[in-house]
Chemist: 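One structure, pasted below without further comment.
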Protein chains: 2
Amino acid sequence: MTKTNREQRREETFLEIKATARRLMAEHGTAGLTVRGIAKEMGMTPPALYRYYDRLDDLITALITENFHALADALESACAAATPGRTVDKLMAAALAYRRWALDNPVDFELIYGTPIPGYHAPQEITVPASARTLVVFVGLFVEALENRECMPPPPYDRVPPELRSHLEQIMRDGDPTGSAPLLALYLALVCWPQIHGLVMLELLEHIGPVVGDMEFFARSQFENMGRAIGFTI
Amino acid sequence: MTKTNREQRREETFLEIKATARRLMAEHGTAGLTVRGIAKEMGMTPPALYRYYDRLDDLITALITENFHALADALESACAAATPGRTVDKLMAAALAYRRWALDNPVDFELIYGTPIPGYHAPQEITVPASARTLVVFVGLFVEALENRECMPPPPYDRVPPELRSHLEQIMRDGDPTGSAPLLALYLALVCWPQIHGLVMLELLEHIGPVVGDMEFFARSQFENMGRAIGFTI
DNA sequence: CGTAAACAGTTTACACTGTAAACATTTCAT
DNA sequence: ATGAAATGTTTACAGTGTAAACTGTTTACG
């Protein structure tokens, strides 16, 4: 089944719209994301864009899901680049990649993890699955580390709190139908993620960097302390 | 020096503008923060507001600084309400108050710690001092805990990393001219803050709650684990 | 007290924003 | 080749922030 000219041009236009939107946002922040701005940049009239996205919100949603996937991809390739077998290296690489991606793509990160653009409401059935991939990367690392006995969590990280058990089991079932992965992996991922995220968020919005000074070092050391706390030997 | 009628009415109008802005934002999110909306609500014409704030940005700045102070006040009174002498209780109370304030005042929290409203740029010389108060509360707790030997940090939290030392010393000097407070207190505050913040931020924007289930419990347990890790006995 | 200045408000206007409706043109399938 | 579908433009409307000019009120001072 070969594509007709029109279908191909349509796909290209979709790509051009998103690319233009990204360029304008990189230059002027989320304030640069306007129908008229994108249209002018592309040599079109604003209403023409409505042939591609019914509302500006739909374009935002498309950008957001792409960003979630781009972040998850960055984490995965960082893990892949780490020493095979040394899962702790992968965890450090993933945490640092999370930070690096945020710092290198600040607006894209704000778009997914920051306050929603005023008036925008994310259709969760679309964004949530994409969003989940990030957490899945970390869960995967802990599955590997626990299996290989590379991570030996001391109390209180050696077992899932009973208060969370049943709900986490259900989440695990929905995501992984085989249900083979240890529940503790999900719990440990949920312990680590907020620590990484909080540091990155505060640094990105310049709340903590000026106080700490060397954020590069601080982030590294915090991630290492985190790894040690949950049972890795670094 | 008694206030003239006009001065008093002017002050009241300032208050009414901010109160109206807060009400509209609570109802419609940051998208509800419009000059015209506030004016209509107050029975004025939009340009009239410009007698009080030269730009909408200035009103936003006023709201932001008030929010920083309100959050810091909430932390302080939570500490004050905790068992005297039990600094660990104060730390837990402060962390939980941070979360509670964010959940109870989501838009206000987003305004200070979320992505800036598109097009808005914070004048840092105004917002930074107000922002600092939050961190100062935590630093104060660690000063107290270290002095009373209530907190006995194990490695690697028993000393300030040399890579951060000189910069933290300078920060400490600028904030506290006596320079008496132990540097380690600032370091421990910087270790804890991102952990608390990350959890709250992810919960507030609904990235982690649906996965965890019982966020109330999870936050509590995470804060306790954090306290133990840096040398408190809970 | 009377007057001039400062203040507080309205009216009008402009340059933006998203988007709906009507219409013209191009492209494709039959 | 013809009808339908897709893609664009034009025009329009209801929002947005805010600047300029103007009017009325309140205050401070000679």
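In what follows, chains are A, B, ... by sequence order, proteins preceding strands, each numbered from 1.
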Chemist: Calculate the interatomic distance between B/Ile38 atom CD1 and D/dG17 atom C1'; express it in whole Å.
Modeler: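 Interatomic distance, CD1 of B/Ile38 to C1' of D/dG17: 12 Å.
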Chemist: Starting at CD of B/Glu12 and ending at C1' of C/dA8, how long is that distance when rounded to a whole Å?
Modeler: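 It works out to 15 Å between those atoms.
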Chemist: Give me the atom names and distance for the closest heavy-atom approach of B/Met172 to B/Ala181.
Modeler: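 Nearest pair, atom of B/Met172 first, then B/Ala181: CE-CB, 3.6 Å.
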Chemist: Quick one: side chains of residues 111-131 of chain B, donor-acceptor pairs under 3.5 Å with protein atoms, not counting sequence neighbours, listed by atom name and distance.
Modeler:
unit_1   : atom_1 : unit_2   : atom_2 : d
B/Tyr120 : OH     : B/Thr61  : OG1    : 2.7
B/Gln124 : NE2    : A/Glu206 : OE1    : 3.3

Chemist: Ignoring hydrogens and geometry, is there a side-chain-to-backbone donor-acceptor pair from A/His167 to B/Asp214 under 3.5 Å?
Modeler: no
Chemist: Provide, to the nearest angstrom, the distance between the CD atom belonging to A/Glu16 and the P atom belonging to D/dG8.
Modeler: 10 Å
Chemist: With no angle test and no hydrogens, is the base of C/dG18 tied to the side chain of A/Arg55 by a donor-acceptor pair under 3.5 Å?
Modeler: no
Chemist: Please report, rounded to the nearest Å, how far the C1' atom of D/dC22 is from the OH atom of B/Tyr50.
Modeler: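 Computing the B/Tyr50:OH to D/dC22:C1' distance gives 19 Å.
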Chemist: Enumerate donor-acceptor pairs with a distance under 3.5 Å from any side-chain N or O in residues 92-106 of chain B to protein atoms, sequence neighbours excluded.
Modeler:
unit_1   : atom_1 : unit_2   : atom_2 : d
B/Tyr98  : OH     : B/Trp193 : NE1    : 3.1
B/Tyr98  : OH     : B/His197 : ND1    : 2.8
B/Arg99  : NE     : B/Glu203 : OE1    : 2.8
B/Arg99  : NH1    : B/Glu216 : OE1    : 3.1
B/Arg99  : NH2    : B/Glu203 : OE2    : 2.9
B/Arg100 : NH1    : B/Asp104 : OD1    : 3.0
B/Asn105 : ND2    : B/Trp101 : O      : 2.9

Chemist: Within 45° of the ring axis of A/Tyr52 and under 6.0 Å from its six-membered ring centre, is that where the NZ or CZ of A/Arg10 lies?
Modeler: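 Output yes; distance and angle both within limits.
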Chemist: Can you check the B/Tyr53 OH to C/dA8 P distance for me, whole Å?
Modeler: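 Roughly 13 Å, once rounded to whole Å.
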Chemist: Ring centres under 6.0 Å, that's the criterion: do B/Tyr187 and B/Phe142 meet it?
Modeler: no
Chemist: Give a yes or no on whether a donor-acceptor pair under 3.5 Å exists between the nucleobase atoms of C/dT27, that is its base, and the side chain of A/Arg6.
Modeler: yes
Chemist: Without decimals, in angstroms, what is the distance between A/Arg36 CZ and D/dT16 C1'?
Modeler: 12 Å
Chemist: Begin from the C-alpha positions of A/Arg165 and A/Glu169 and carry the test salt bridge (Lys or Arg N to Asp or Glu O under 4.0 Å) through to its verdict.
Modeler: CA-CA 6 Å; A/Arg165 180 155 209 100; A/Glu169 272 171 352; 3.6 Å; yes
Chemist: Under 4.0 Å from OP1 or OP2 of C/dA8: is there any side-chain N or O of B/Arg10 that close?
Modeler: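 Answer is yes, contact under 4.0 Å.
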Chemist: Categorize B/Tyr52 for me: base, sugar-phosphate, or nothing, with a 4.0 angstrom heavy-atom threshold over every strand shown.
Modeler: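 The answer is sugar-phosphate, as B/Tyr52 gets under 4.0 Å only of primed atoms, P, OP1 or OP2.
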Chemist: Between P on C/dA20 and CG on A/Asp57, what's the gap in Å once rounded to a whole number?
Modeler: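 These atoms are roughly 11 Å apart.
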Chemist: Hey, what are the protein-to-nucleotides 9-11 of chain D N/O distances that come in under 3.5 Å?
Modeler:
unit_1 : atom_1 : unit_2  : atom_2 : d
D/dT9  : OP2    : A/Thr45 : N      : 2.9
D/dT9  : OP2    : A/Thr45 : OG1    : 2.4

Chemist: How many whole angstroms separate atom OH of B/Tyr120 from atom C1' of D/dT16?
Modeler: 19 Å
Chemist: Would you mind telling me which residue lines up with the more 5' stretch of DNA chain D, A/Arg9 or B/Leu33, judged by nearest nucleotide?
Modeler: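 Its nearest nucleotide lies further toward 5', so the answer is A/Arg9.
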